[in-house]
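Only this structure's heavy atoms are used, side chains among them; waters, hydrogens and symmetry mates stay out. Counting convention: from 1, in listed order, for ligands and their atoms alike. One is the number of the first residue; the rest follow in order along the sequence.
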Amino acid sequence: MKYRRLIEKMTLEEKASLMSGKDFWQSMDIQRLGINSMFLSDGPHGIRKQAAAADHLGLNPSVPSTCFPTAATIANSWNEELGEKIGGFLGEEAVSLKVNVLLGPGINMKRNPLCGRNFEYFSEDPYLAGKMAVNYIKGIQSKGISACVKHFAVNNQEERRMAIDTIVDERTLREIYLTAFEMAVKEGGTKTIMSSYNMLNGIYTNENLHLMREILRDEWCYQGVVVTDWGGSNDRVAGLIAGNELEMPTTGEETNIDIINSIKNGKIKEELLDESVDRILDLIFTTEEVFKQSYHDFDIDKHHRMAQFASEESIVLLKNESNILPLKTGTKVAIIGDFAKNPRYQGAGSSVVNPTKLDNTLECLDESGIVSLGYAAGFKRYGKKSSKLIREACELAKGADVVLLYLGLDEATEAEGLERQDMKLPQNQIDLIEEISKVNSNIVAILSCGSVVEMPWIYKVKGLLHGYLGGQAGARAMLRIISGDVNPSGKLAETYPISYEDTPSFNNFPGKEVTVEYREGIYIGYRYYDTADIEVLFPFGYGLSYTKFEYSDMKVNQYGVTFKITNTGKISGKEIAQLYVGCKSKNIFRPQKELKGFIKIFINEGETKKVTIPFDDKTFRYFNVKTNKWEVEEADYEIMVGTSSRDIKLNDNIFIEGTGAPLPYDKHKIPSYFSGKVKNVSTDEFEALIIRRVPEAKWDRSKPLGYNDTVAQCQYAKGVVARFAFKLISFAYWFLRKIGKRKTANIIMMSIYHMPFRGISRMTGGVINMPMVDGILMMVNGRFFKGLNYFLKQRSKMLKEIKIKSARTVEKISTEAAKER
Ligand code: BGC
């Protein structure tokens, strides 16, 4: 242990106190030993440091900071260097705001396009997400503070996120859901990891010994700190045993007592606590060093320009019929769509940043050189179809050479804590496209959405640009692409299926009651569409440029692949070349191809560049469930280089010697996995994959409700009052939506409806303790008066204890002061 001497000076109480927060955002300090608090702040694309009222839902404002494009956006840049730069800028801002731990990046996989938090995550592909994460971490940590990758792991739905049990087989877990985390630990050297709220195969991730000890600590040799997601601690002692150092936010010392008692009664050894204390001290001491250096404010304008550059690198050109883009000089445009006036530039929830500045399209038009005839809103962001607005928009569109149509999803649709209800754009926007296309066929649609949308209307537009959520300078960046000042170079980091029904997890998302079953196994995103040969709207890795690239001269050897790319167009541009690998043997089921490398490269017009993409430890590996290890199968492998997963330009084969492991599967038992057609996997097949019975997915409505049941489950509680309360909450939600207050309605879902009962204590900073939760549960389970009585008794007991404690503290302080005198 690094800090043994210091730890020896601590009392048991002091050591335990370091294991949970001091308040909502800070860790505990011990001033007599020179141990300071650490400040932890969201978030992944800008600092959300709350100076006054604190919350984890993004409700109260934070100190202004640069709002960079969200992870879903930056992933489209496929630019690792850019990731590191943004990380550096985020790190610098965090330092200037005295933040020790930046709660990001979020690196969960996009299992399903409707997950409400997809805008905060990089990709459906673990390799791409992993590489971006590694670079963010390096950038952030180069400034002396710590990144915190989250949410470890398999947190791929928002509904019931604090209670849902993810049922997933070991190979899928390793290959799809853990690989990005593995890279963040091994390559990125992240100093902090946030455990997720959910359960993994029956055990909360924060307490899951397989995940937290066997994989994270033993296999990956992780030396850093694990922090719970806010309010995500279930059994504090079980968390400590699994290696969780820090529980956030504070529980008013309640869980410290659990730790102290479990040491006193011999359940755990004090050394275990010491090891955790050692790791947390290391995080505190190493991240506060930088605050001792001279303080400087960050340069707001410089950071804004960086946000703009990041957005320019990430915008994806999806359609460009008759080369409608870039706009020819002098083209007269009509600007239509509410998103041109009120940019949608980030998602909702804990990642919400209070931007230092905010560009909007209308205000940036002048400098872009684009000739505008005027603006019309066309639709109400939160309202129903408005014939008047459509009429005005059509009038304007009639006289224009080109219509720039700004569309998107609203702030209440893509939010933490909830899933999207469908994959469509709002109907009033689709109606607008329809009507405008009748008066002007030169439409360029500009999308602002943090995730995938269906586009049955795509035939009505000639140009289509997707800016995702472009951060505070996204509007200006988009205009620079439209005008041709910047050649678009982003490519999609996720597949666009034609319709939601096509998605592999369509039948198993989200889990509504006890579990969510990952029946599609390793086949998420393009791994599914390409293997099962499903037609898609836009493949993974797809994106156009204003120039053209040609690929040639591929050479493969044991170290990697080299090839040439020529820019055959008339302007310079950047190309993203992607390396995919597919195994020719059919002994072990595999996706038809998997991304194993990529490069983004700038090439002048007419120029040819030679490119190398090296193989690495992930190129040929698969996880063998028989040997419980990563293995390589001896086989021929197809090496493919393409501009997207569906546009392979060059390919060759290479024979690779294997590790000689026994074959892990019986083909006859799991035919769907061997064919890749996994949309309707039977229970028998899924059981053969997970090698156990599928656990009960439905609530047992005969059982009384417990700590880990959620408020939503009051719908079948024994207590009349609880059932009534449930009806009231549901009514409030329905009513708020009805009157158009969708954001407020969402808060009910996020903070009440899906909250487990234990969360009442874990999130109230000691105001309500677990014995009081016992009282609440008695009431919920039909013993109302007994429960109320118990609740009140526990409350006055707690208040008495607080009084005694503060009297003791006052006494201690005055004795110490007297001694000093
Ligand atoms: C989110 C985390 C976030 C934390 C603190 C939680 O609700 O899941 O991503 O870092 O709140 O705001």
> Going by the atom numbers of ligand 1, which of them fall below 4.0 Å from some non-hydrogen atom of Glu416?
1 (C), 6 (C), 7 (O), 8 (O)
> Would Trp25 count as a contact of ligand 1 if the rule is a heavy atom under 4.0 Å away?
yes
> Quick check on contacts: which atoms of ligand 1 are under 4.0 angstrom from a heavy atom of Arg48?
12 (O)
> Just need the protein heavy atom nearest to atom 11 (O) of ligand 1, so name the residue and atom and give the distance.
His56 CB, 3.4 Å
> How far is atom 12 (O) of ligand 1 from its nearest protein heavy atom, and which residue and atom is that?
Asp42 OD2, 2.5 Å
> Any N or O on Glu120 sitting closer than 3.5 Å to an N or O of ligand 1?
no
> Specify side chain, backbone, both or neither for Arg117, according to which of its non-hydrogen atoms lie closer than 4.0 Å to ligand 1.
side chain
> Pull out every atom of ligand 1 sitting under 4.0 Å from any heavy atom of Met194, numbered as shown with elements.
10 (O)
> Please say whether more than 12 non-hydrogen atoms of neighbouring residues, nucleotides or ligands are located less than 6.0 Å from CD in Glu411.
yes
> Would you call the rings of His303 and Phe68 parallel, tilted or perpendicular, where under 30° means parallel and over 60° means perpendicular?
tilted
> Is the shortest heavy-atom distance from the side chain of Arg344 to the side chain of Glu414 under 4.5 Å?
yes
> Geometry only, no angles: is His151 polar-contacting ligand 1 at N/O separations under 3.5 Å?
yes
> With a heavy-atom distance limit of 4.0 Å, tell me whether Arg161 approaches ligand 1 through its side chain, its backbone, both, or neither.
side chain
> So, Asn234 and Glu207: side-chain donor and acceptor under 3.5 Å apart, yes or no?
yes
> Less than 3.5 Å apart, any donor N or O on the side chain of Lys191 or Thr286 sitting next to an acceptor on the other?
yes
> Under the 6.0 Å and 45° cation-pi test, does Arg111 pair with Phe509?
no
> With a cut-off of 6.0 Å (strictly less than), are more than 12 heavy atoms of other residues, nucleotides or ligands near NZ of Lys741?
no
> Which residue from Leu40, Asn155, Asp229 reaches closest to atom 8 (O) of ligand 1 through any of its heavy atoms?
Asp229
> Apply the salt bridge (Lys or Arg N to Asp or Glu O under 4.0 Å) test between Asp410 and each candidate in Lys743, Arg420, Arg742; give the one that qualifies.
Arg742
